[in-house]
Structure formats: C-alpha cells, structure tokens
Protein chains: 2
Amino acid sequence: MEDQLTKVFSALADPTRRDMVARLSFADATVNELAEPYEVSVQAVSKHLKVLEDSGLVTRTRDAQRRPVHLEDNVFDLMTKWIERYRQRAEERYQRLDAVLETMEPTSTSARESDTASETQHAPTPGSRKGA
Amino acid sequence: MEDQLTKVFSALADPTRRDMVARLSFADATVNELAEPYEVSVQAVSKHLKVLEDSGLVTRTRDAQRRPVHLEDNVFDLMTKWIERYRQRAEERYQRLDAVLETMEPTSTSARESDTASETQHAPTPGSRKGA
DNA sequence: AACCTATTCAACAAAACGGTTGAATACGTG
DNA sequence: CACGTATTCAACCGTTTTGTTGAATAGGTT
C-alpha cells in the first residue's frame, strides 16, 4: 500500500482509531493515556498509533520515556480535496439532469470522458490476473 | 462492522474502488463497463461494487439484465462533517499555541475534556480482551 | 545497581480482504 | 426453445489486519 490517500482512509476506517483522532484533537496524549479508555492491550493501541503515524495523521515527539502523540491537521485536506472533487462533479451532473438518461443512451453531452477520472494510476495492478 | 462512517472510509480505502467512484462521478455505468479498464475479473469488480453499495456510496437500479451503478453524492457529507469537526478543533488548538505545552503540564487551559470526543460509542468493544 | 514505568518488538492466531474459477441466475434474441 | 450476455453466488486461497502474550528496550527513581 503506497499512496497516502489509501493510508489515510484505511487509518480512519477503524472506530477505535477514529476515536483516538477525536481525542487527540483536544490535546496531545501518550500511548498509555490513549489506551486507558479502551478494552484492548496497550500494545494493540501502540499498533493503531503506528497506522495513524504511517498515514501522516499523527506524529510522535519524545519526552523522556514518553512519546506524546500529536494530531497533524494538515493531512485532512488531502481527503477533503479528493472528496470534494467528485462530490461536486456528481452534484453538477445531477443538477444538469443527465444523470438518469446517460446510462442507457449516451446523448453526446457527456457519457465518455472518464479519462481524467483515474487517480494517477489507472490500472491498480492487483495481485495476479484472471488469465494469468 | 456496523456504522456507516466505518463502511464509507473502508470503501474508499481501496484505490480501485476510489477510481470507480471517480469514474462514476462522470456518469452511471454498468458492472461490465466499470470492470473494463481493470486487470481483474468482473466478479472482483462486482464485489467492490457491493462494498461501495453497502457503504451507501452507490446505488443500483435495474435496466433489463443490466444493473447500472449510480454514485450517491450525499454520503460524502458524512465524511466531510466528521473530518471538519476534528480538523477544526486541531487547528484552533494549534492557533492558541497550547499544543506543545499541554502534553507535559496541563495548564488548566484545557488538557482534560476529551469526554465529548468519543464518537457515540466510547468502548468499541473489540474481539475478546487481554484478561479474558 | 535494582527497580518501576512507558513503549515497542516478536511470534502467533483468528478474522477480514481481495482475488480466482466455476456454477447459478436473469433477461433479451435468433 | 436454445443461446448469448450481464451479473451474482459459492468455494477456495494467499495476504493483511487486529488482537494476544511475553520479552526487550529506554529512561526515570531510590
């Protein structure tokens, strides 16, 4: 898993991790502090933190044997930009009312221009392949 | 996995799925159309679609033996709301400059009010438990 | 030095994920 | 009706994820 967008989205795809982010939005915290309210081991929380860190959502500084975790707000923009881009496009399309029609009979208006759509990598090169 | 937020985030945590959403923002498409550019089987794409559908990001109508997929823009708001909420809070905190200090010595200003943080469910009740 | 605390590393297991192939099912058409 | 196309279901498989426990590392404290 390379790209940051994937990392950020998967990082937030976990309720515990989202809750940690929520709490970190108020104040930095140590691993132990963060682990306290959850019913999982500190090690598990440490792993969650690693995921968040790898995604760029949090950073860790050092304070003696403690490693305070800090929420990095800038990464959020990455997501909102992605979301807004397509949400807007979908909305526009809806407003123009083509929506329902263009599925069945491309009316020249749009239909086939999905070229620009691909987010950098078009063929996500998955594992093997059907005829492989 | 119950809550929609989790479903939506995990749905978008996959590059292929994000690309499908991107393409669907231009026009509705059938499973086969969607599968075409990728190097995976149609069945795989069908599965991806199911994930997107379960998350509420897309809906499927019926047109003879075809099942056109339509992007449901409204779900995006769910995410942006969540994101904005905490990004804003983190930003505010940064601007007040408490940020660095409050980790080491709670200066009465804030530090412990993470109560409101928890997103509905505080204890995400994971699998078993350490001492179980 | 001996010890306690904070955090991570390592090995392991169960479950989820993403893909595959083969067989259904649903529907239009010669 | 036989057939072709579109799509899904089912069983299976390798990899990743999430959690556990036990041991290691880092840094204060007495």
Side-chain angles (χ1 to χ4, degrees), chain A residues 1-3 6-20 28-36 38-55 58-70 103-104 123-132, chain B residues 1-3 6-7 9-20 28-55 58-70 103-104 123-132:
Chain A
M1 186 229 289
E2 297 190 348
D3 70 304
T6 297
K7 285 185 191 162
V8 180
F9 277 127
S10 4
L12 294 181
D14 182 288
T16 305
R17 247 142 32 202
R18 276 203 307 281
D19 192 65
M20 291 198 255
D28 293 4
T30 67
V31 179
N32 262 292
E33 280 166 10
L34 282 169
E36 199 253 304
Y38 311 122
E39 296 222 309
V40 296
S41 65
V42 184
Q43 289 97 315
V45 174
S46 183
K47 280 192 187 177
H48 279 305
L49 244 1
K50 198 174 177 203
V51 175
L52 288 173
E53 191 176 27
D54 285 353
S55 80
V58 307
T59 51
R60 266 122 139 191
T61 47
R62 178 170 270 282
D63 165 31
Q65 74 267 64
R66 237 157 280 107
R67 283 173 193 62
V69 184
H70 176 73
T103 308
M104 4 203 87
T125 357
S128 49
R129 197 257 185 273
K130 34 188 169 185
Chain B
M1 188 229 290
E2 296 188 346
D3 69 305
T6 297
K7 285 185 191 161
F9 276 125
S10 4
L12 294 180
D14 183 288
T16 305
R17 243 135 43 195
R18 276 202 307 282
D19 191 66
M20 289 198 256
D28 294 4
T30 68
V31 179
N32 262 290
E33 279 165 11
L34 283 169
E36 199 251 305
Y38 311 122
E39 296 222 308
V40 297
S41 65
V42 185
Q43 289 97 316
V45 174
S46 183
K47 279 192 188 179
H48 280 306
L49 243 2
K50 197 173 178 205
V51 175
L52 288 173
E53 192 176 27
D54 285 351
S55 79
V58 307
T59 51
R60 266 125 139 188
T61 46
R62 178 169 271 282
D63 166 31
Q65 74 268 64
R66 238 157 279 107
R67 284 173 193 61
V69 184
H70 176 72
T103 307
M104 3 202 88
T125 355
S128 50
R129 196 261 186 270
K130 35 187 167 184

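Scope of the values below: all heavy atoms of this structure, side chains included, with no hydrogens, waters or symmetry mates. Each chain gets a letter, A, B and so on, in the order its sequence line appears, and its residues count up from 1.
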Please pick, from [options], the nucleotide with the shortest atom-to-atom distance to any side-chain atom of [X].
{"X": "Lys47(B)", "options": "dG28(C), dT20(C), dA6(C)", "answer": "dT20(C)"}
{"X": "Ala64(B)", "options": "dC27(C), dA6(C), dG19(D)", "answer": "dC27(C)"}
{"X": "Val42(B)", "options": "dT8(C), dG19(C), dT8(D)", "answer": "dT8(D)"}
{"X": "Val40(B)", "options": "dT20(C), dT18(D), dT5(C)", "answer": "dT20(C)"}
{"X": "Gln65(A)", "options": "dG19(D), dT5(C), dT8(D)", "answer": "dT5(C)"}

Could you pick out which residue, Arg66(A) or Val45(A), lies toward the 5' side of DNA chain D when each is mapped onto its nearest nucleotide?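 In this pair, the answer is Val45(A).
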Glu36(B) side chain to Glu33(B) backbone, donor-acceptor under 3.5 Å: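 Absent.
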Judged by atom type as modelled, is there a donor-acceptor pair below 3.5 Å linking the side chain of Arg17(B) to the main-chain atoms of Ala11(B)?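 The answer is yes, because a donor-acceptor pair under 3.5 Å joins these two groups.
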How long is the line joining [atom1] of [X] and [atom2] of [N], in whole Å?
{"X": "Leu34(B)", "N": "dT8(D)", "atom1": "CG", "atom2": "C1'", "result": "15 Å"}
{"X": "Arg17(B)", "N": "dG19(C)", "atom1": "CZ", "atom2": "C1'", "result": "12 Å"}
{"X": "Lys50(A)", "N": "dT7(C)", "atom1": "NZ", "atom2": "C1'", "result": "13 Å"}
{"X": "Leu49(B)", "N": "dC9(D)", "atom1": "CG", "atom2": "P", "result": "12 Å"}
{"X": "Glu53(B)", "N": "dT7(D)", "atom1": "CD", "atom2": "P", "result": "13 Å"}
{"X": "Leu52(B)", "N": "dT7(D)", "atom1": "CG", "atom2": "P", "result": "15 Å"}

Ignoring hydrogens and angles, are the base of dG19(D) and the side chain of Glu39(A) linked by a donor-acceptor pair under 3.5 Å?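 Counting by modelled atom types and ignoring angles, no donor-acceptor contact under 3.5 Å is found here.
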Does a side-chain N or O of [X] approach OP1 or OP2 of [N] to a distance below 4.0 Å, or not?
{"X": "Arg60(A)", "N": "dT7(C)", "answer": "no"}
{"X": "Ser41(B)", "N": "dT21(C)", "answer": "no"}
{"X": "Ser46(B)", "N": "dT8(D)", "answer": "yes"}
{"X": "Asn32(B)", "N": "dT7(D)", "answer": "yes"}
{"X": "Thr16(B)", "N": "dG18(C)", "answer": "no"}
{"X": "His48(A)", "N": "dG19(D)", "answer": "yes"}

Should Arg18(A) and Thr6(B) count as side-chain neighbours, where that means a heavy-atom distance under 4.5 Å?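 Side-chain contact under 4.5 Å: yes.
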For the residue pair Asp19(B) / Thr16(B), report whether a side-chain donor-acceptor contact shorter than 3.5 Å exists.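 No.
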Straight-line distance of Leu34(A) CG to His48(A) NE2, nearest 0.5 Å: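 Answer for the CG-NE2 pair, Leu34(A) versus His48(A), is 11.0 Å.
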